[in-house]
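Okay, so here's the structure we're looking at.
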There are 2 protein chains.
Amino acid sequence: MGNNVTMRDIAARLGVSSVTISKALNDKEGVSDELKQKIKEVAEEMGYRFNTLAKSMKEGQAYNIGVIIPERFTGEIQSFYLKFYQHIARVLDQHQYSGILHILSSEDEDHNVLPRIYYDKKVDGLLILGQISNDYINLLNRIEIPIVYIDFYNEDAEADTVITDNFSGVYEMTNHLIKNGHKEIGFVGNIYSTSSIQDRFLGYYKSLLEHKLPLNQAYIINDRDDRGKYIDLEMPEKLPTAFVCNCDQIAYNLINKLNSLGYRVPEDCSVVGFDNDIYAQIAEPKLTTVEVDIEEMSRTAVNLIISKLKSKQKKWEQVSVKGKIVYRNSVKQLNES
Amino acid sequence: MGNNVTMRDIAARLGVSSVTISKALNDKEGVSDELKQKIKEVAEEMGYRFNTLAKSMKEGQAYNIGVIIPERFTGEIQSFYLKFYQHIARVLDQHQYSGILHILSSEDEDHNVLPRIYYDKKVDGLLILGQISNDYINLLNRIEIPIVYIDFYNEDAEADTVITDNFSGVYEMTNHLIKNGHKEIGFVGNIYSTSSIQDRFLGYYKSLLEHKLPLNQAYIINDRDDRGKYIDLEMPEKLPTAFVCNCDQIAYNLINKLNSLGYRVPEDCSVVGFDNDIYAQIAEPKLTTVEVDIEEMSRTAVNLIISKLKSKQKKWEQVSVKGKIVYRNSVKQLNES
DNA sequence: CTGAAAGCGCTTACAG
DNA sequence: CTGAAAGCGCTTACAG
């Protein structure tokens with residue numbers, strides 16, 4: 001396995017020019033099939049490895065995409081975005097790009113510090129995974145490399161965005177509860193916290209409206225403070241027959257809370273979640289929930305950013321990818337069917 | 001924010017040469033402090049961003065490290081290595097390097113296909129996270145870029161390795177059980193599966209030996225097949241008073257198994273794990289377990305590979321990083337103290 | 001079908 | 001303290 005074999009070395013061995021080698025190895029026009037074949041064989045034999053750096057320099061493209069995840073989403077157990085990143089990395093690889101993960105520290109986010117990979121021109125574009133502060137978004141909007149936001153959106157920013165269809169996911173889930181006879185349905189989540197939670201809440205609300213069911217403020221339970229930190233869930237005096245939770249982890253916490261108060265799920269109260277992450281599976285009973293289509297979202301986001309790289313003029317777009325309901329055992333049927 | 005500002009542009013503006021700009025921006029000798037200061041200001045003002053690509057090409061260094069995780073370790077809930085990767089990415093960033101994640105598909109592993117990032121010279125070195133097949137290790141040993149293996153080792157390979165101190169972790173954990181009066185202690189894990197599990201088993205065995213306790217084969221429970229896939233745990237006729245599990249997930253599964261058989265933990269049988277991952281926290285009762293020091297291991301591995309990059313002659317070394325026991329509620333005290 | 005020339009944006013000697 | 005020259009390994013546009 002030769003170490004630093006270059007196109008010039010192959011050229012010298014074959015008595016041709018390095019231009020010809022370049023053409024042959026890139027399957028371009030202008031080399032006879034015979035010679036092309038020969039060149040590929042010799043390249044293989046000499047252990048030639050293509051030097052992306054040189055190509056990159058020539059083209060001004062690094063063939064890397066930065067993937068930014070705010071630190072607070074990477075805590076002890078919150079692995080959703082890390083899992084997301086894994087899928088993105090794969091899709092990127094299929095397009096001959098690489099993904100460089102950057103965990104955005106709270107400090108850098110607060111002080112509007114851009115990641116080093118941007119300043120060093122190591123990346124051609126940025127994928128932002130998870131809601132960040134509006135100030136930081138404004139900062140990002142001023143830089144010239146393409147950016148695609150994933151899993152949240154900001155109504156002020158005219159930016160490319162790939163989100164899961166929170167609204168219709170929870171809307172359909174709430175319909176499902178109502179179809180099963182539930183009339184008093186609560187919602188758990190800080191509806192001022194993120195746009196995702198807001199949309200999920202609105203999907204829930206739309207379902208209530210459509211079925212002429214009242215929105216009972218006592219049934220709207222806050223689950224986190226403004227920094228996204230979970231707080232203790234305060235239960236209302238009288239329980240609804242079901243709770244729609246903004247995510248599985250909160251549903252899991254809610255079940256524990258209900259159990260500690262002597263209630264059984266779903267016998268005394270039904271609980272549904274969102275995400276279909278590990279909490280949906282370890283909850284007892286297992287959660288009926290909405291599964292986010294991470295793969296489709298990854299594909300969409302990567303296609304978006306690569307097409308923006310190819311033609312800078314492309315208009316921005318917002319894509320929402322449908323999830324699907326996963327039926328398990330956390331919902332009790334109240335009516336006859 | 002200028003787009004393609006180069007050193008030459010700054011040089012032109014100031015009427016000096018680009019060599020001087022390079023020296024000033026890199027804080028090298030040979031530029032007066034005054035000029036250096038001025039250059040930095042103008043660079044900032046013009047929105048100059050350093051082009052790593054050019055530097056990389058000159059030096060033949062990409063300033064990227066590939067991080068390889070075998071696909072089978074990235075399943076639905078197995079996020080341990082992903083979490084590991086996150087720490088590695090951070091430490092790398094502190095050294096001005098970037099980490100590029102590559103999930104090694106089972107197919108590529110079986111067919112000895114090296115990742116594209118290697119063939120494209122996108123990375124200067126490789127960090128291998130999690131046990132891979134011996135064939136693949138042999139393949140890796142033949143390539144010329146530095147490699148550091150993390151969280152497992154292969155006795156055949158004279159390779160740089162960073163592992164958690166499995167042996168002493170389980171050894172101390174077993175001592176802890178014995179100190180609490182346990183004399184019949186089982187072990188759960190396929191001891192032919194990975195070197196980590198083997199070492200954990202040996203730590204357990206050493207503790208038994210030291211305390212003159214017999215090794216009862218009926219108490220050694222297999223937990224996975226040769227591909228690492230979990231299998232149903234077969235319980236012995238008569239239970240020991242405690243089980244040492246090779247990881248938290250298996251401990252979690254074991255508790256469920258015991259519960260389904262009508263046994264309570266720790267009242268009827270104590271259970272301890274290893275890793276202190278999410279399974280240790282969601283288990284009921286919470287697990288007494290050994291915590292792997294991911295941060296320290298990440299730092300060590302990154303330092304190792306960067307020092308190998310700097311001096312290729314460095315001899316290989318194997319570092320084992322101590323974990324520490326986390327005491328929770330899954331162990332019953334059998335004796336008076 | 002094949003190749004000589006120029007250039008991508010830096011850095012490293014070396015000369016002044 | 002400052003700079004002209006050469007080179008890292010490719011690719012592009014042009015000429016033959």
Side-chain angles (χ1 to χ4, degrees), chain A residues 2-40 42-43 46-64 96 118-124 145 309, chain B residues 2-40 42-43 46-64 96 118-124 145 309:
Chain A
N3 196 326
N4 255 341
V5 185
T6 70
M7 286 187 180
R8 211 197 314 250
D9 297 328
I10 304 175
R13 170 90 98 85
L14 286 170
V16 297
S17 86
S18 60
V19 176
T20 303
I21 307 295
S22 172
K23 284 174 183 160
L25 260 22
N26 287 300
D27 273 324
K28 300 224 162 143
E29 303 264 292
V31 194
S32 67
D33 283 351
E34 203 182 355
L35 182 54
K36 188 182 281 188
Q37 186 57 32
K38 183 76 187 159
I39 286 174
K40 287 184 178 177
V42 173
M46 295 175 76
Y48 173 73
R49 286 193 293 146
F50 183 77
N51 190 331
T52 312
L53 257 23
K55 184 189 185 190
S56 289
M57 237 250 298
K58 187 81 170 77
E59 298 181 0
Q61 293 248 49
Y63 290 99
N64 289 140
Q96 324 277 76
Y118 165 72
Y119 285 116
D120 287 359
K121 289 191 184 161
K122 279 198 113 170
V123 294
D124 306 324
I145 62 178
L309 251 21
Chain B
N3 196 326
N4 255 342
V5 185
T6 69
M7 285 187 180
R8 212 199 312 255
D9 296 328
I10 304 175
R13 170 92 97 85
L14 286 169
V16 296
S17 87
S18 60
V19 176
T20 303
I21 308 294
S22 172
K23 285 173 183 161
L25 260 23
N26 288 300
D27 273 325
K28 298 224 164 146
E29 302 265 291
V31 195
S32 67
D33 284 350
E34 204 182 355
L35 181 55
K36 188 181 283 186
Q37 186 56 32
K38 183 76 187 160
I39 287 174
K40 287 185 178 176
V42 174
M46 294 175 77
Y48 172 72
R49 285 193 295 144
F50 184 77
N51 190 331
T52 313
L53 257 23
K55 184 188 184 192
S56 290
M57 237 251 295
K58 188 80 169 77
E59 298 181 359
Q61 293 249 48
Y63 291 99
N64 289 140
Q96 325 277 78
Y118 165 74
Y119 285 115
D120 286 358
K121 290 192 184 160
K122 279 198 116 171
V123 294
D124 306 323
I145 61 178
L309 251 22

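Every value quoted in this text rests on a predicted model; they were computed, and no experiment measured them. Chain A is the first sequence line, chain B the second, and so forth, proteins listed ahead of strands; every chain is numbered from 1.
A:Gln96 is linked by a side chain to side chain donor-acceptor pair (under 3.5 Å) to nothing, counting only residues two or more places apart in sequence or in another chain. Applying the side chain to side chain donor-acceptor pair (under 3.5 Å) criterion to B:Gln61, with sequence neighbours excluded, gives no partner residue. Contacts of B:Asp33 classified as side chain to side chain donor-acceptor pair (under 3.5 Å), with partners at least two apart in sequence or in another chain: none. A:Lys40 meets the salt bridge (charged side-chain N to carboxylate O under 4.0 Å, His left out) test with A:Asp27; sequence neighbours excluded. Contacts of A:Asp124 classified as side chain to side chain donor-acceptor pair (under 3.5 Å), with partners at least two apart in sequence or in another chain: none. For B:Phe50, the ring pair (Phe, Tyr, Trp, His ring centres under 6.0 Å) criterion is met by no residue, not counting sequence neighbours.
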Could you tabulate the donor-acceptor pairs under 3.5 Å formed by side-chain atoms of residues 5-15 of chain A, not counting sequence neighbours?
from: A:Thr6; atom 1: OG1; to: A:Arg8; atom 2: N; distance (Å): 3.2
from: A:Thr6; atom 1: OG1; to: A:Asp9; atom 2: N; distance (Å): 3.4
from: A:Thr6; atom 1: OG1; to: A:Asp9; atom 2: OD2; distance (Å): 3.4
from: A:Asp9; atom 1: OD2; to: A:Thr6; atom 2: N; distance (Å): 2.8
from: A:Arg13; atom 1: NH2; to: A:Glu45; atom 2: OE2; distance (Å): 3.3

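With B:Lys122 as the partner, the side chain to side chain contact (heavy atoms under 4.5 Å, CB included) test is satisfied by one option alone out of A:Thr52, A:Asn51, A:Leu53: A:Thr52.
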For DNA chain C, the dot-bracket notation using Watson-Crick and G-U wobble pairs below 3.5 Å, [ ] for pseudoknot-type crossings and | for other-strand pairs, is |||.||||||||.|||

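Between A:Ser17 and the phosphate of C:dT2, there is no side-chain N or O to OP1/OP2 separation shorter than 4.0 Å. Between D:dC1 and B:Thr20, no contact under 4.0 Å exists linking OP1 or OP2 to a side-chain N or O.
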Which letters describe nucleotides 6-16 of chain C, given B = protein heavy atom under 4.0 Å from base, S = only from sugar-phosphate, - = neither? -BBBBBB----

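Within the nucleic acid shown, A:Gly60 has no heavy atom closer than 4.0 Å to any nucleic acid atom.
For A:Leu35 and C:dT2, the CG to C1' distance is 9 Å, given to the nearest whole Å.
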